[in-house]
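Read through the structure below, which is laid out as structure tokens, and then see the notes.
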Amino acid sequence: MSYDFNIIEARWQKYWAEKNTFKAENNSDKPKYYVLDMFPYPSGAGLHVGHPLGYIASDIYARYKRHKGFNVLHPQGYDSFGLPAEQYAIQTGQHPAITTKENIARYREQLDKIGFSFDWSREVKTSDPNFYKWTQWIFIELFNSWYDKDADKARAIDDLETVFTSEGNAKVNAVCDENITPFTAGDWNSFSSKEKQEVLLKYRLTYLAETEVNWCPQLGTVLANDEIVNGVSERGGYPVIRKKMTQWSMRISAYAERLLQGLETIDWTDSLKESQRNWIGKSVGASVTFAINEHDEIIEVFTTRPDTIFGATFMTLAPEHELVAKITTPEQKADVEAYIEATAKRSERERMADVKTISGVFTGAYAEHPFTKKPVPIWIGDYVLAGYGTGAVMAVPCGDQRDYDFAKYFAAKPSMPAITNIFEGVDISEEAFADKEKTIIANSDFLNGLNYKKATKTAIYELEKLGQGQGKTNYRLRDAVFSRQRYWGEPFPVYYVDGMPQMIDVAHLPLALPEVEKYLPTETGEPPLGRADVWAWDAQKNEVVSNDKIDHKTVFPLELNTMPGWAGSSWYPFRYMDAGNDAEFASAEAMQYWQNVDLYIGGNEHATGHLLYSRFWTKFLKDRAYLTVDEPFKKLINQGMILGTSAIVYRISGSNTYVSKGLKDQYETEELRVDVSLINNSDELNVDALRKWQPQFNDADFELEDGKYIVGREVEKMSKRWFNVVNPDGICEQYGADSLRLYEMFLGPLEQAKPWNTAGITGVHSFLKKLWKLYHDGETFGVTDTEPTKNDLKTLHKTIKKVEEDIENFSFNTSVSTFMIAVNELTAQKCTSRAILESLIVLISPYAPHIAEELWCKLGHKESISTAAFPVFEEKHLVESTKQYPISFNGKMRFTMELSLDLSKDEIEEAVMAHEKTQEQLAGREPKKVIVVPGKIVNVVG
RNA sequence: GCUGAAGUGGUGGAAUUGGUAGACACGUUGGACUUAAAAUCCAAUGGCCUGUAAGGCCGUGCGGGUUCAAGUCCCGCCUUCAGUACCA
């Protein structure tokens, strides 16, 4: 009876689906365990072999935890809003919902073939109105909240209104807009409704603001910072420019400190935590204000080095700084304007690429040093960024290399003072001295002789006395822009009365996407929803009505933007806990039971996007008492990317002749990538197949070496455009899903990037065949009730121990080897014992579930193997009466001695010395001592 | 520049965390079975030295060090990959 994996796999996949084998219950006597994959975006290209890597790993873990007696939640769904479906809609006119539905069907079919133990009854799709209803609901909750710094949490906006009504905003300590004007209770009560709304909007956790955004003209939308790579859009690689627009923003900055602190409580890799720390970018220092001579204005700067304030010889403002125009003197006006114009012309990208060139110009104005009262010239320079801190710095050339370079560059100008050295015993003739730890301040009045720490404290104290500064912590993390000028996203549950945003009552959600004729922006530049005929809100009937009914009395215009891709993915883990719930995003009981995700597996491209935003929303929902957990993902593992191995042919320039790799250096050639399926395992190209593959190769000539055409290989990201995509379906057909699962794990450590190479799959495939043979005696099932031998038990328990350790450490690659060794040993030992083989197949079942179910069934079990308990490791089967001890002299001579295990340290020493060979080896030497490490190693020092 | 990860045979990768480096697999070579191929099975496979065997020497990016003992620990370099960047 041969191993017919196609029949076996189809049988058990059908069985699991029909019996709902992996359906998780929301209550159980068993302990809970929640294993989650980052849900995929269902793209038109389908799955390639890289996608399932993480899913296989999490599936192994989920199946293992079930064997270990846990109630496991292991769901899957789709992040189904997004750009590709919309772009496809723009090109073809097909509604993105249809595209998405087709893609999801294809994904599901591919996923099912790999035999995952997903609980599909909990499937979610972010583009499903029953799902995005709750995304809209969370948006409304954010709108109805403000951040109370005193309580250090988000609170209901109603609380804030109550405070305003009774005492104004003087005592309110909130995270809000910078430019809030103080008002009393009396002021508040006399405000018009619109004025009140305007004030409240500045406090809300999601707010409308005129913000400078990253606008991508080609994509016709704004992008978040993490959607831009090297100054161009992550998707498509189009240029991005800065533009002012009124947009919804999320006040994630309110959570900066908690997002930072929370990292200490979760089990993520150091590199990922570090990325988030950098992104949040906390820096502790002081804010200092400088008075400007002959002006009423003041300049506020942020510095991490208030201790160096006596070294501040000039100030630099960003060219975009609002004071530049006001303070520039008439003599300098022409220079300054020319400079600003020149910097504005340079794109963000050019500015980033070119950090070496120093440029700047003097404004003609002077500020007053807070302590020395000396005039400090004010310059502008593009090394100061408008977007960070206050867009102005006090320049301390002796302590900061950029200030130093700037000062040196302009040293010849009379308006650039000489560099003052405020460090004791330090030479600054070549470069600035930035080492805080070694700093002793000099030349600085009351700070002389102090170290960095003390000087900082003293400087802040003195600044506070003057009313010109205070300690301040600055974060790089900016509020997140939440509007997209797109069709295929969640509509905002927002309509506008007199220009002020109003939330649609929760009872009338979801606000579903309207139909549009085209998916492009309107001729007037409005987002695609501007094309919808039925897109107005009747506030009396609480329903969507036709645009021509807008009367601004009872029918109002609806928001035209949609939410960004990260909206739905920021909270979906909680929806799985109670996916069908119509009344709440998930019931309190379900969330109380499942808490948060115990293990989250996905790619590391979401380090600063999805993983930060979902932590933010989780913390917010906890503040408002909808959740009891503070972090969504307790443990996180980033699986490495599986790379493609592209195949390259070499065309002689200007001809249709292709030369084999070994001959290419004799010609001037161009590289062309061809489909990897045309290449065999020894890099040889199937020339006939290539001719058929694309018309351009129909009548091509090929120059061979040794009768073969050898292609060049290049390891790069798997992508349709490189023709290097390998998809799992073919593998499943040829070798089976169990082979695919084992092989993906066998490729190497989970977290490491690695190229796909189908060649090695025969190894794991023949392992499965051997496994099958182990349970069969020729044509019959060969398991017997014979007693296991000592060796059989040893093999089994060795395997249990190793596999258990491997799974707990996520070293799935090494346990595949362990299985191979076990099967080889048991085959050699001619093991047919039921006791052994039954345990073995449970060990293997998380990795290769189909063959495991089949053999389990043949062993006479009626229930799925997933209900079987994981075999218990027993040390006694590994214990031997003797042990081999390697013995070395000065690390040179080596031999092994077999000694009884129960010998004491002294007895071992004696045995070693008495040993004939030892005497031989030691001949002519006087051993000083024998080192015995009990149970481990014996060393003799001669 | 900074941060993080890594560097082991022809290849992917093991190595109980300081204890016989190269498990397991691919590939290669030889053999068995076949008319043949595929499949399967067996054997060899880090390099070098000695006619063979026995044996020896060298070997974990490079150079030092600690230790009876280093792929593993310490110091100094080199290289690769990933993230990030004028953050005051």
Whether A/R402 contacts B/C87 is assessed here as follows: a side-chain N or O lying under 4.0 Å from the phosphate OP1 or OP2. Is that the case?
yes

P atom, B/C74 versus B/A5: distance in rounded Å?
13 Å

Mind checking A/S817 for me? I need base, sugar-phosphate or nothing, with any heavy atom below 4.0 Å counting as a touch.
base

Using both distances under 3.5 Å as the test, list the Watson-Crick or G-U wobble partner of B/C77, or none.
B/G61

Is the ring pair A/F819/A/F767 parallel, tilted or perpendicular, if the boundaries are 30 and 60 degrees?
parallel

So, is A/Q752 close to the B/G13 phosphate, meaning a side-chain N or O under 4.0 Å from OP1 or OP2?
yes

Heavy-atom neighbours of A/E733 CD exceed 12 at 6.0 Å
no

Nearest-nucleotide pick for A/Y383, side chain only, options being B/A39, B/C86, B/G13:
B/C86

Using a heavy-atom cut-off of 4.0 Å across all strands, would you classify A/P749 as base, sugar-phosphate, or nothing?
sugar-phosphate

Which nucleotide wins on minimum distance to the side chain of A/M820, given the candidates B/A88, B/G13, B/A25?
B/A25

When every non-hydrogen atom of A/R277 is compared with those of A/E264, the smallest separation belongs to NH2-OE2, 3.7 Å

Check the distance between B/U40's P and A/F767's CZ and give it to me in whole angstrom.
15 Å

To the nearest Å, how far apart are A/Q401 CD and B/C86 C1'?
12 Å

Under a 90° cut-off about 0 for the syn range, is B/U29 syn or anti?
anti

Checking B/A88, B/C41, B/C24 against the side chain of A/T303 (C-beta onward), the nearest is B/A88

What is the distance, to the nearest angstrom, from the NZ atom on A/K802 to the P atom on B/C24?
12 Å

Atom NZ of A/K754 and atom P of B/C26: how far apart are they, to the nearest Å?
19 Å

Just how far, in rounded Å, is C1' of B/A23 from CZ of A/F819?
16 Å

For B/U17, does either OP1 or OP2 sit under 4.0 Å from a side-chain N or O belonging to A/N809?
no

Please report the distance separating the C1' of B/A43 from the corresponding atom of B/U60, rounded so that it comes out in whole Å.
28 Å

Checking A/D267 now: which residues fulfil side chain to side chain donor-acceptor pair (under 3.5 Å) with it, not counting sequence neighbours?
A/K635

Out of B/A15, B/A25, B/U40, minimum distance to the side chain of A/F746 belongs to B/A25

Since syn is defined as within 90° of 0, does B/G9 count as syn or as anti?
syn

Between A/T608 and B/G83, does any side-chain N or O lie under 4.0 Å from OP1 or OP2?
no

RNA chain B: 5'-proximal contact among A/S811 and A/T818 (nearest heavy atom):
A/S811

Using the C1' atoms only, state how far B/A21 lies from B/G64, rounded to an integer number of Å.
22 Å

Please tell me which of the listed nucleotides, B/A39, B/A88, B/A25, lies nearest to the side chain of A/S283?
B/A88

Looking only at side-chain atoms of A/N813, point me to the closest of B/A14, B/C86, B/A25.
B/A14

Compute the centroid of each ring, for A/Y735 and then for A/F5, and state whether the two points are separated by less than 6.0 Å.
no

Between B/A6 and B/U16, how far apart are the two P atoms, rounded to whole Å?
15 Å

Tell me what A/K798 touches on the nucleic acid: a base, only sugar-phosphate, or nothing, going by heavy atoms under 4.0 Å.
nothing

When rounded to whole Å, the CD1 to P distance for the pair A/I761 and B/C24 reads 21 Å

In terms of the angle between their ring planes, are A/W379 and A/F314 parallel, tilted or perpendicular, with boundaries placed at 30° and 60°?
perpendicular

Separation between the C1' atoms of B/U72 and B/U20, rounded to whole Å:
16 Å

For atom C1', what is the distance between B/G13 and B/A25, given to the nearest Å?
9 Å

Rounded distance (Å) that lies between atom P of B/A82 and atom CD of A/E751
17 Å

Base, sugar-phosphate alone, or nothing: which one does A/N474 contact when heavy atoms must sit under 4.0 Å apart?
nothing

Atom NZ of A/K408 and atom C1' of B/C86 are separated, to the nearest Å, by 20 Å

Would you please indicate if the ring centroids of A/H765 and A/Y743 are separated by under 6.0 Å?
no

How are the rings of A/W772 and A/Y3 set to each other: parallel, tilted or perpendicular (split at 30° and 60°)?
tilted

Does A/K798 come within less than 4.0 Å of A/E825, counting only side-chain N to carboxylate O?
yes

Who passes salt bridge (Lys or Arg N to Asp or Glu O under 4.0 Å) against A/E808, sequence neighbours left out?
none

Nucleotide nearest A/A759 (side chain, heavy atoms from C-beta), chosen from B/C87, B/C26, B/A23
B/C26

When the P atoms of B/C33 and B/C42 are compared, how many Å lie between them, rounded to an integer?
16 Å

Picking from B/A88, B/C87, B/A39, which would you name as closest to the side chain of A/R476?
B/C87

For RNA chain B, which residues in residues 306-315 of chain A have a heavy atom at a distance below 4.0 Å?
none

Using both distances under 3.5 Å as the test, list the Watson-Crick or G-U wobble partner of B/U52, or none.
none

Residue met sooner reading RNA chain B from 5', once A/L272 and A/T814 are mapped to nucleotides
A/L272

When both distances are under 3.5 Å in a Watson-Crick or G-U wobble arrangement, the nucleotide paired with B/U66 is none

Looking only at the side chain of A/I821 (C-beta and beyond, no hydrogens), which of the listed nucleotides B/A23, B/C87, B/G13 gets closest?
B/A23

Within 45° of the axis and under 6.0 Å from the centre of the six-membered ring of A/W268, does NZ or CZ of A/R615 qualify?
yes

Taking the same atom, P, in B/G1 and in B/U11, what whole-Å distance lies between them?
30 Å

